[in-house]
Structure formats: structure tokens, C-alpha cells
Protein chains: 2
Amino acid sequence: MIAVDAMGGDFAPREIILGAVAAAQQGIPVCLFGDQSVIKKIIVEQKITISHLPLSLVHTTQVIDMGQEPTRAVLDNLDSSLVAAVNAVKEGQCAAVVSAGNTGACLAAGTLMIGRASGILRPAIGNLLPTKKGSVFCIDLGANPDSKPEWLMQFAHMGIAYQNLFFSLKNPRVGLLSNGTEEYKGSRAHKQAFELLKTSHLNFVGNVEPADVLNGTVDVLVSDGFVGNIFLKTMEATGSLVQHFITQTISSSWFDIIWFGLRRSVFKRVKARAMYDQVGGALLLGLQKPLIVAHGCSNAQAIEQAIRFAHKVVQENMIEKFNHKIVPILDIPRTITPAFSSDFNPKEI
Amino acid sequence: MIAVDAMGGDFAPREIILGAVAAAQQGIPVCLFGDQSVIKKIIVEQKITISHLPLSLVHTTQVIDMGQEPTRAVLDNLDSSLVAAVNAVKEGQCAAVVSAGNTGACLAAGTLMIGRASGILRPAIGNLLPTKKGSVFCIDLGANPDSKPEWLMQFAHMGIAYQNLFFSLKNPRVGLLSNGTEEYKGSRAHKQAFELLKTSHLNFVGNVEPADVLNGTVDVLVSDGFVGNIFLKTMEATGSLVQHFITQTISSSWFDIIWFGLRRSVFKRVKARAMYDQVGGALLLGLQKPLIVAHGCSNAQAIEQAIRFAHKVVQENMIEKFNHKIVPILDIPRTITPAFSSDFNPKEI
């Protein structure tokens, strides 16, 4: 069963609920965490019949706001939809969590409750992004601003393990996202990470600029969480800007509206290609159990995709396999014991 | 006269020389700095008649490599094309420098030789980038990785002064580039800069994500040089990726090649719109004289544009006006005296 934080996200709870219903309609067991009166009201409003669906509900009373400082938000809101959903995974009642809420709070809840895998210094967000020659696995895409050099080194190992395991890449090329290919480029922590990577046994190709990454010169892109997040979001924003320019230019003439409208399937194919590897959410790697962070602005379709991805992760034991592979590689053996516990009592809606 | 570093850039000296010749053909006086035998050879090879052009040459014997550590590179290569060009501006023989070489070395040479304007803590690269609603002035786009909070505060003042002076924007909206709009987002230095900006009298709208920026929600975007450079280069790389996807999709069918080929002017207009404010180079703001940093991968056309932009900056006394406006605003009065001096002896080619 996939635990879904119904109250987290820019379009929560409506779009989250619709996404969860769509996933349940495909036979994926889903448990929604959130305010039951709000959830039931939306289901009634949408005239959705759910009696035959594998959909259950856990009532929670609190909501973590996007503006709250993450760790504080988790500690102050133990009966929030996010914390309750993460706890259900920790306790084994659910197999994975999906949340489109406060990313920092997801990280905090995941680290404090589910716990890190042995040896992992910091869990990090990893995902595939499209390039001219396929895709690149990028890590960290937003969990850790001010990443220390040794964390960046671990992100490289995590990215390699991911490409090894799930795409059978034997010796993936690793690049460090930078403002230039020269060795001296980047911030202080970045330069220290460069040294660690350079002296490692990894297939490290050095600093890579965004153009190198999107030209497909690396298989694993390592970055600080702040910079990685700017990279990811700038890609998305630029895609939207280009689409806006194309639409505006075409719209300035009736002839072009008709001419291009007749072949609009081409633009759909371009978009599909850009979204090829998109799964609606990114894995928070380095935890003992699967936590999928969906985009804050996720609509129902994105949430449905994220739940399907979570289901796949569970079905294929991806996190277990990943941790089994990564743990022996890392230097510092350490296990964090989960700190919280609470009751779990899902109800039929 | 515009001093042009003929030896700096990925396609130097050929493209730089061709760009300089094109600018001189429009009547802009240009002085090329570089190896005279190499420059003359290219001019002969290209069968360009230059006797009637306002084009002169200063022979230099050294070249600053892209891989060299910036300050060291400047100090070790005093007879390099870049250092000699910057020195000519310092000494008043030329009015502005254009270089597509090592950005860090441009900054180092500019700071050490031309000197900072009074009160400026760090010169920064500022430029206009396109948005859905016009353009945004972004600073710093690559000069200062690991920017301190007080530098970021000054970048905001510099961006505002630029928008005031050259686009008559009275109270421009200032945003801080971040991985989320929430107050607690960003790196440590970033958060401190947020506090400084929040408590200032500026029209500060808070943290902005790349999508906010490209939707046109701010007039001035402040960022650390590392992050700003990643933002800029990701925009360019994504534009190229989208173009690649469109071309590939269209190319998969003869029908579409013809269908879209007949209206290829639409794509040209989209590209022109995206490049609307592009001037081939960015100003290094905060120096006493104009230094224009062109893209490392500049071709002849980009260099020509950068020289034309430098010419405009000189004609309109932009740097003088800018410094006249910015200096009284800044808190810390300080003048850096240029540290070097050398002979200047331009020859007719």
C-alpha cells in the first residue's frame, strides 16, 4: 500500500486526491493521509465511486505549511498528514510514501522517522533528466543546500549505484555540475569535492557545465542541493518560456495558427520526448524505505505517475537492492534508529 | 577605440578577429591585442582588405589559458593579450575592453589594473535575460562564486541603479534567486542576504524560483556568481536541447520537414525573441572603466555585437553615469588604486 500525503502541495488536497483515485483505479492500493471531512467532501463533489477501489484513509488533524522551517515543522506537527504517512511506512503498514509538500519536511521526517541507510551521511534527491543522447541521473536535486564535499562524494556513489542497478551501466561517467570545466571553478566546497572525486577510483570526467550535461557527456551528475535544484527548475522554466515564445509567435497570425495547428501532434511528441523519463516524483535516496518527493505544483496526473512510480519501486524492491549495493561501498558505518512511533489505524472511506 | 583581446575564447583568434573586422567595417575604431603574426596570417587568409578600416594592432607575446587560476594567470602573463588590453583602458588609450577569454582573469585584471569604483566590494557580471513579460537584469552571472551576503546586497543596488538609469524603472522589483520562495530556503550566505534585503528600503519581493524569474515577476535578479552562472548556462543549454528535440522530431518525417520548412521564419522569430536583449557580452559592473565579458564560445557575430555594445557603453558614458549613481548609495567608501602600468604602442596593421 502506498501512503499519500493528501494535504501537501500547491494544489492539495484536490489534485492529490484525484491522482490517488486514478492510481487506485489501476489497482494500486493507496492510503490517503489527511483531513477526512475535506477528503470525503472532494470525493463526493467529484462524484467518484470509490467503494470498489483499494483506497483507504487515515484521518490527521495537522498540515505542514510550505513556509515552515522543516525540522521544526515535523516536530511540531506529529499528527500532520506527512508525518503520519511517513510513520506508516516506518511501522510497515505502508510500503512507500508520496508527498508533494514541503521537501525539507519530507527529508526531515524521512531521516528522523524512517532513518538513513547505514553509512549514508545525507539522503539526497535523485532523478533522471533528459539529454540529447538519452538521460542523466542527477543527484542532489534539492535536499541539501550547503552540501559538504564528503556528501557530494557519497552522492556520486549513490548515482553510480542507481545507474548500475537499474540501467545496467557498468562504469558510468560522473560529472560535477559547475560554472566551467576548469579545475579551479566552483565554490569552495565544490573544489574540495572535485579533489575527492579526482583522487577516487570512479570514472570522474571532471567539472561539467549545463551544456555538457544536456549534450549527454555524463551518466551521473553530482551537485549541491541548492545548485541542483536551480538547475532542475531552470530547465523546467526555460522549457515553459520557449513554449510561450512559440505559442505567442504562432498566435500572431491566423495562417500560422492553422498551419501549425494541423501538425500539433509534432509539438506533443517533442513534449513527450522531453518528459520521457519523468515519473512525477523523485526518490529520496539514502533512507531505509522508499520516500517519493513529488513536485510542489503537481497536478492529478503527476501524482498518479508518482504513485505508479512508488508502486514500481516497491514491487521491484528498488530501495532494498539500492541500499544492499551502496552500504558496503561507503566508508563510515552508521545506523540511525528511527526516533518516533505512533498509532496507525486506516479506515475504509 | 575598443580594445579587443584577440587571443581569448574557445574560437580565438579567428572568430575574434572576424568579429573585430566586422565592427570596424561599421566605423567602430577597434584595437586588436594579440600575436601579430597570427593575426596578420588570418587576415591574409580571409582575404580581408583592412587598409581603410579603423583597425589597429598591439603585439603581445603571451596568452592566458582558460585553465589557469585567474589572479596567478594575470600576474604571470603581464604581456598577455588580455592584460595588455585592460592596461590600455587603464591608461586611457582605449575606452573599453572586450574579452571572450578566462572570465576570472578578466575580473582579476579589471580589479587589479582598472580598479573598482569607490565603495564597490566586488565587481559583478550583469546582463538582461528574456522573460515572458520583457526582460530581467541578472547580477551576478559568474564573477563571484561564494558571494558574501554584503556583496549580494551591493549586487541588488547595482541592478537597481542599472534599471533606473538605462530603462527608467523607478522602483524596480528585486528578487533573490533561490530553490524556493520560502524565507528559510537557500544556502547560509543566501539566507543572510535575504535578511539584509528584507530589512532594507528596497522593493524586495523575496526569494524567487527560476519559473518566477522567467514569468517576469522581478526586474532585478540577485544571485551568487556560481548559482547565477548555472542559471544562465542552464537557460542556454535547455534552449539548445528543446531546439534539438524539435529538429529531431520534425526530421523523422519528410512531410514534416517540408511542412515546417515552409514556415521556418516562425522559428527564426522565436529565436530572435529569445535573443532580443542579447548584446554578445555582459558588463563587469563596479569597475572604474568598461570591461565587457563575452561568452567563451562566442563566434564572430557575437564578438561584433559585444564590440558594438562596448561602443554604445562608451558613447553613452554608461559606466561613468552608473558609478556616479551607485557610489553615493554604497556604505563603505573605498578606492582601489590600479596596481600596474606598462607601455602602449599600437601599430597600423
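Proteins come first, then strands; the chains are lettered A, B, ... in the order of their sequence lines, and each starts at number 1. Note that the structure is a prediction, hence the values are computed from the model and not measured.
The closest side-chain heavy-atom distance from B/F226 to A/K185 is not below 4.5 Å. Taking the side chain as every heavy atom from C-beta outward, B/I246 and A/I246 approach each other to under 4.5 Å.
For chain A, the nearby part of B/L262 is the side chain; its heavy atoms alone come within less than 4.5 Å. Of the atoms belonging to B/P145, it is side-chain heavy atoms, and not backbone ones, that fall under 4.5 Å from chain A. Contacts of B/D212 with chain A are absent, with no heavy-atom separation under 4.5 Å from either backbone or side chain. Only the backbone of B/T131 comes within contact range of chain A, with heavy atoms under 4.5 Å apart. Heavy-atom distances place no part of B/Q243 under 4.5 Å from chain A, backbone and side chain included.
When the salt bridge (Lys or Arg N to Asp or Glu O under 4.0 Å) test is applied to B/K198, the partners found at least two apart in sequence or on another chain are B/E183.
When each of A/L177, A/D224, A/V242, A/T181 is scored by its heavy-atom pairs under 4.5 Å with chain B, the top score falls to A/L177. Interface summary for chain A: among B/V213, B/L214, B/N144, the most heavy-atom pairs under 4.5 angstrom belong to B/L214. Looking only at heavy-atom pairs under 4.5 Å with chain B, the residue among A/G239, A/G186, A/S252 that has the most is A/G186. Top candidate by heavy-atom pairs under 4.5 Å with chain B, chosen from A/Q248, A/E209, A/K132, is A/K132.
In this structure, the separation between CD1 on B/I250 and CZ on A/R263 is 9.5 Å, given to the nearest 0.5 Å. Rounding to the nearest 0.5 Å gives a distance of 8.0 Å between OG of A/S178 and CG of B/N229. In this structure, the separation between CG on B/L129 and OG1 on A/T238 is 9.5 Å, given to the nearest 0.5 Å. Here the OG1-CZ distance, from B/T249 to A/F267, works out to 10.0 Å after rounding to the nearest 0.5 Å. Between the OG atom of A/S265 and the CG atom of B/D256 there is a distance of 6.5 Å, given to the nearest 0.5 Å. To the nearest 0.5 angstrom, A/F245 atom CZ is 13.5 Å from B/R269 atom CZ.
Environment of CD in A/Q301: sparse, with no more than 12 heavy atoms of neighbouring residues, nucleotides or ligands closer than 6.0 Å. No more than 12 heavy atoms of other residues, nucleotides or ligands sit less than 6.0 Å from atom NZ of B/K148.
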key: B/L241 vs A/M235, side chain to side chain contact (heavy atoms under 4.5 Å, CB included): CA-CA, chis, key distance, verdict   = CA-CA 10 Å; B/L241 182 71; A/M235 276 186 76; 4.1 Å; yes
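Minimum interatomic distance between B/V227 and A/I230 (heavy atoms only, all atoms of both residues): CG1-CG1, 3.8 Å.
Not less than 6.0 angstrom separates the ring centroid of A/F231 from the ring centroid of B/F231.
In the model, B/K233 has no side-chain atom that pairs as donor or acceptor with a side-chain atom of A/T234 under 3.5 Å.
In terms of modelled atom types and a separation under 3.5 Å, the side chain of A/D146 and the main chain of B/S187 share no donor-acceptor contact. A distance-only check finds a donor-acceptor pair linking the side chain of A/W259 to the backbone of B/W259 [under 3.5 Å].
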